[in-house]
Amino acid sequence: KERIAHEMMHSGDVLPTVVNALWSATVIDIEHTITQVCERLLHDASVPRKQCVDRARALVILGQIFMSTKGAEGSESNPLRSAVEAAMMAALKRNDPNPEDEAEPPQA
């Protein structure tokens, strides 16, 4: 089983799936956190209603700014997604007992 897992990790077939799964989990976590924060900001009984309305307007502006700067979803040029993939590749190389570079003799 370890040999099969090792071959899959080096075949390149697994990495995109793992990156997509991690990315999806991160997006879900961020969306959940944002939802909780918005609920608390907009339904805070300890502040006047006018302040909740002002907070709502500020959230709309913040959302517009965020939406105007986000990249294409799922884009290969997404720097965060690329960083996650690069970090995973580096971790795989560090933990690889048989790196591919050592398998080939140096050429003179």
Side-chain angles (χ1 to χ4, degrees):
K1 288 182 179 181
E2 287 180 15
R3 188 184 80 185
I4 292 171
H6 183 266
E7 288 175 9
M8 287 177 65
M9 292 300 278
H10 287 284
S11 71
D13 294 338
V14 173
L15 187 60
T17 302
V18 172
V19 169
N20 284 336
L22 287 173
W23 190 258
S24 295
T26 302
V27 168
I28 290 169
D29 181 49
I30 290 170
E31 287 176 345
H32 177 73
T33 301
I34 290 172
T35 299
Q36 287 182 323
V37 169
C38 289
E39 287 294 321
R40 288 181 184 169
L41 282 173
L42 300 176
H43 301 289
D44 185 354
S46 67
V47 298
R49 178 158 169 73
K50 182 187 179 323
Q51 189 170 355
C52 287
V53 171
D54 290 342
R55 288 176 177 180
R57 288 185 180 126
L59 284 172
V60 168
I61 293 168
L62 185 61
Q64 289 170 341
I65 292 168
F66 177 78
M67 295 301 289
S68 70
T69 60
K70 81 170 194 169
E73 196 168 311
S75 170
E76 292 297 320
S77 64
N78 185 319
L80 292 175
R81 191 178 188 127
S82 298
V84 168
E85 190 168 345
M88 290 186 67
M89 288 298 292
L92 286 174
K93 287 180 182 178
R94 279 194 308 270
N95 294 325
D96 188 358
N98 301 313
E100 294 176 18
D101 295 340
E102 293 179 9
E104 298 178 22
Q107 296 180 359

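Predicted model, so just to flag it, every value in this text is computed and none were measured.
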- request: Answer yes or no: is there an ion pair linking K50 with D54, defined by an N-O contact shorter than 4.0 Å?
  value: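 Between D54 and K50 there is a salt bridge, with a charged N closer than 4.0 Å to a carboxylate O.
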
- prompt: Do you know which two heavy atoms are closest between C52 and V47, and how far apart they sit?
  reply: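 What the structure gives for the nearest pair is SG-CG2, 3.7 Å.
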
message: For a quick test of reading the model, state the closest non-hydrogen atom pair linking L41 to R55 and the distance between them.
response: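 For L41 and R55, the tightest heavy-atom pair comes out as O-NH1, 2.9 Å.
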
- prompt: Stepwise, does the side-chain contact (heavy atoms from CB on, under 4.5 Å) test hold for R57 with V53?
  reply: CA-CA 6 Å; R57 288 185 180 126; V53 171; 3.6 Å; yes

query: For I65, does its backbone N or O pair with a side-chain atom of S68 as donor and acceptor, under 3.5 Å?
result: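 Yes, because the side chain of S68 sits within donor-acceptor range (under 3.5 Å) of the backbone of I65.
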
message: If I take atom CG from residue L42 and atom CZ from residue R49, how far apart are they, to the nearest 0.5 angstrom?
response: 10.5 Å

- prompt: Is there side-chain contact between T35 and H32, with heavy atoms separated by less than 4.5 Å?
  reply: no

